[in-house]
Asks: 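My structure is below; once you've seen it, I'll send some questions.
The sequence lines fix the lettering, A, B, ..., with proteins before strands; numbering per chain opens at 1. Fair warning: this is a prediction, and the values are worked out from it, not measured in the lab.
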Protein chains: 2
Amino acid sequence: METMTALAQEGTFSSASSPNVTDTAKQGVDHTACRAVNDVLSRVGDKWSMRVVMNLDGGAMRFNELRRAIDGISQRMLTRTLRGLERDGLVSRTVTPSIPPRVDYALTSLGQSLREPVRALGDWAMANRAAVEDARAVFDSGCDDRDHA
Amino acid sequence: METMTALAQEGTFSSASSPNVTDTAKQGVDHTACRAVNDVLSRVGDKWSMRVVMNLDGGAMRFNELRRAIDGISQRMLTRTLRGLERDGLVSRTVTPSIPPRVDYALTSLGQSLREPVRALGDWAMANRAAVEDARAVFDSGCDDRDHA
DNA sequence: CCGCATCCCTGCCGATACTG
DNA sequence: CAGTATCGGCAGGGATGCGG
């Protein structure tokens with residue numbers, strides 16, 4: 001069971017909040033940490049959440065302002081994404097009862113804090129995008145084209 | 001035959017056609033960065049990719065070994081996930097033509113490097129999971145129950 | 001201006017069965 | 001053991017139209 005101990009210290013997600021790592025063996029990797037990661041990944045990895053968060057980083061924005069900024073999004077999806085983000089406490093929704101009504105969306109501190117790890121991921125993406133695209137092209141060629149060199 | 005990764009090619013992000021990027025403060029978000037982030041998020045944010053990558057972190061594994069380790073996954077999904085990861089150069093596939101056939105999957109250096117930013121995200125997830133769940137509960141209560149007056 | 005409801009199409013994902 | 005093919009359920013997400 002101690003076989004993975006060194007590895008766990010190297011880079012498992014449970015480095016901070018698993019006081020009793022029952023079996024961090026092969027199976028143990030995918031318990032709580034995996035669930036947490038998948039949870040946040042599901043939230044932020046959907047089609048529009050990141051776009052919204054990144055646009056909101058520059059400050060509060062109104063609904064249609066956001067809609068125009070993202071520009072590929074339908075209002076249905078913007079509403080749904082905003083609701084989901086609001087539900088998770090990542091963005092705040094401020095209604096100004098005027099005529100016409102005004103609604104401002106902004107990142108909460110939690111939403112701001114999320115941007116840091118996401119930026120790291122974005123950094124990786126920017127750095128390795130070419131490699132990924134290349135690998136993809138190679139895979140595609142190798143699969144489709146059996147010219148066997 | 002189904003397309004394996006339609007997620008990556010959403011690409012309606014042609015708002016770059018607006019040369020008027022003077023207000024980069026609000027738009028301060030690089031369109032390229034946004035696209036890259038969404039791309040990697042789509043790849044890693046799906047239902048099983050992270051599980052596979054995390055299990056593979058302990059070293060190379062065979063197909064059914066991986067299947068047993070993840071245990072909630074169907075062989076269809078394992079195959080698809082592995083193919084997608086392989087296509088992007090994140091995992092390597094090594095076939096040993098024996099009887100019975102043996103196929104080992106392992107993280108490439110690119111796949112290893114991806115774990116770092118993902119770990120950051122996982123760290124965030126672990127640290128803020130409670131906050132998110134709380135916000136979610138508050139939102140749920142606030143929506144359903146209006147007796148706060 | 002904000003946002004909800006409906007219709008509908010598309011793609012994901014699981015279960016099963018079959019091949020090498 | 002490793003992988004593919006097919007079927008069916010289900011959810012994501014776009015288009016449109018209506019209400020505050």
Side-chain angles (χ1 to χ4, degrees), chain A residues 38-39 41-52 56 60-87 91-106 139 142-144, chain B residues 1-14 38 41-52 55-56 60-87 91-106 139 143-144 146:
Chain A
N38 261 311
D39 190 41
L41 249 33
S42 296
R43 169 89 21 223
V44 111
D46 71 355
K47 200 173 181 182
W48 301 109
S49 291
M50 271 317 301
R51 308 280 287 268
V52 171
L56 245 35
M61 292 178 79
R62 299 182 59 176
F63 187 85
N64 279 327
E65 192 177 2
L66 213 39
R67 190 152 113 87
R68 258 175 259 114
I70 297 181
D71 172 73
I73 197 171
S74 63
Q75 127 285 29
R76 172 194 169 83
M77 278 305 106
L78 182 54
T79 301
R80 286 170 75 94
T81 303
L82 250 15
R83 282 289 177 278
L85 258 22
E86 186 193 358
R87 194 173 107 98
V91 307
S92 63
R93 181 172 178 265
T94 308
V95 182
T96 307
S98 57
I99 300 206
R102 177 193 179 96
V103 182
D104 287 279
Y105 292 93
F139 183 86
C143 247
D144 187 51
Chain B
M1 178 179 183
E2 312 173 31
T3 49
M4 54 176 67
T5 31
L7 280 163
Q9 54 200 19
E10 54 213 36
T12 326
F13 197 49
S14 50
N38 262 310
L41 249 33
S42 296
R43 166 102 8 241
V44 113
D46 72 356
K47 200 174 181 183
W48 301 109
S49 292
M50 272 316 301
R51 307 282 289 266
V52 171
N55 272 281
L56 246 34
M61 292 177 78
R62 298 179 60 173
F63 187 86
N64 280 327
E65 192 178 1
L66 213 38
R67 190 152 112 86
R68 258 174 261 114
I70 298 180
D71 174 72
I73 197 171
S74 63
Q75 113 282 47
R76 172 193 169 84
M77 276 305 107
L78 182 54
T79 302
R80 287 172 73 92
T81 303
L82 250 14
R83 283 288 177 279
L85 259 21
E86 185 193 359
R87 193 173 106 98
V91 308
S92 62
R93 180 172 179 268
T94 307
V95 182
T96 306
S98 58
I99 302 212
R102 177 193 180 96
V103 181
D104 287 280
Y105 292 93
F139 183 86
C143 252
D144 188 52
R146 285 292 182 182

Asks: Could you go through B:R51 and A:N38, starting from their C-alpha distance and side-chain angles, then the distance that decides it, and tell me whether this counts as side chain to side chain contact (heavy atoms under 4.5 Å, CB included)?
Replies: CA-CA 8 Å; B:R51 307 282 289 266; A:N38 261 311; 3.6 Å; yes

Asks: Nearest whole Å is fine: how far is D:dC1 P from B:L66 CG?
Replies: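 After rounding, the reported distance stands at 14 Å.
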
Asks: May I ask you to say what B:T79 touches in the nucleic acid, namely base, sugar-phosphate or nothing, with a heavy-atom cut-off under 4.0 Å?
Replies: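 Here B:T79 touches the bases of the nucleic acid.
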
Asks: What is the distance from CG of A:N64 to C1' of C:dC2, rounded to the nearest Å?
Replies: 7 Å

Asks: By the 4.0 Å heavy-atom rule, please label B:R67 as base, sugar-phosphate, or nothing.
Replies: nothing

Asks: Side-chain contact test, heavy atoms from C-beta onward, threshold under 4.5 Å: evaluate it for B:R67 versus B:N64 and give yes or no.
Replies: yes

Asks: What pairs with A:R83 under salt bridge (Lys or Arg N to Asp or Glu O under 4.0 Å), at least two apart in sequence or on another chain?
Replies: A:E86

Asks: Of the options D:dC1, C:dG3, D:dG3, whose atoms approach the side-chain atoms of A:Y105 most closely?
Replies: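 Given the options D:dC1, C:dG3, D:dG3, the side chain of A:Y105 is closest to C:dG3.
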
Asks: Please write out each protein N/O paired with an N/O of nucleotides 18-20 of chain D under 3.5 Å, distance rounded to 0.1 Å.
Replies:
none

Asks: Does the side chain of A:R62 get closer than 4.0 angstrom to OP1 or OP2 of C:dC2 through an N or O atom?
Replies: yes

Asks: Using whole Å, report how far CD of A:E65 lies from C1' of C:dC1.
Replies: 13 Å

Asks: How many Å lie between CG on B:L78 and P on C:dG14, as a whole number?
Replies: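 That distance rounds to 11 Å.
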
Asks: Would you tabulate the nitrogen or oxygen pairs shorter than 3.5 Å linking the protein to nucleotides 12-14 of chain D?
Replies:
unit_1, atom_1, unit_2, atom_2, d
D:dG13, N7, A:R76, NH2, 3.4
D:dG14, OP1, A:K47, NZ, 3.1
D:dG14, OP2, A:S74, OG, 3.3

Asks: What is the distance, rounded to the nearest whole Å, between atom CD of B:E86 and atom C1' of D:dA2?
Replies: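 B:E86 atom CD is separated from D:dA2 atom C1' by 13 Å.
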
Asks: After noting the C-alpha distance and the side-chain angles of A:W48 and A:R80, does the key distance pass the side chain to side chain contact (heavy atoms under 4.5 Å, CB included) rule?
Replies: CA-CA 10 Å; A:W48 301 109; A:R80 286 170 75 94; over 6 Å; no

Asks: Compare every heavy atom of B:M50 with every heavy atom of B:V44, then report the nearest pair and how far apart it is.
Replies: O-CG, 3.5 Å

Asks: Would A:V52 and A:Y105 count as a side chain to side chain contact (heavy atoms under 4.5 Å, CB included) if you check the C-alpha gap in whole Å, the side-chain angles of each, and the deciding distance to 0.1 Å?
Replies: CA-CA 10 Å; A:V52 171; A:Y105 292 93; over 6 Å; no

Asks: Which atom names give the shortest non-hydrogen contact between A:M77 and A:I73, and what distance separates them?
Replies: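 A:M77 and A:I73 have their closest heavy atoms at CB-CG1, 3.7 Å.
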
Asks: Could you give the CZ-to-C1' distance, from B:F63 to D:dG3, as a whole number of Å?
Replies: 7 Å

Asks: Determine, stepwise, if the pair B:V95 / B:R93 fulfils side chain to side chain contact (heavy atoms under 4.5 Å, CB included).
Replies: CA-CA 6 Å; B:V95 182; B:R93 180 172 179 268; 3.6 Å; yes

Asks: Are B:S49 and B:L85 side-chain neighbours, meaning at least one heavy-atom pair lies under 4.5 Å?
Replies: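 Result yes, sub-4.5 Å side-chain heavy-atom pair found.
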
Asks: To the nearest Å, how far apart are A:R102 CZ and C:dC2 C1'?
Replies: 13 Å

Asks: Rounded to the nearest angstrom, tell me the gap between atom CZ in B:R43 and atom P in C:dC12.
Replies: 11 Å

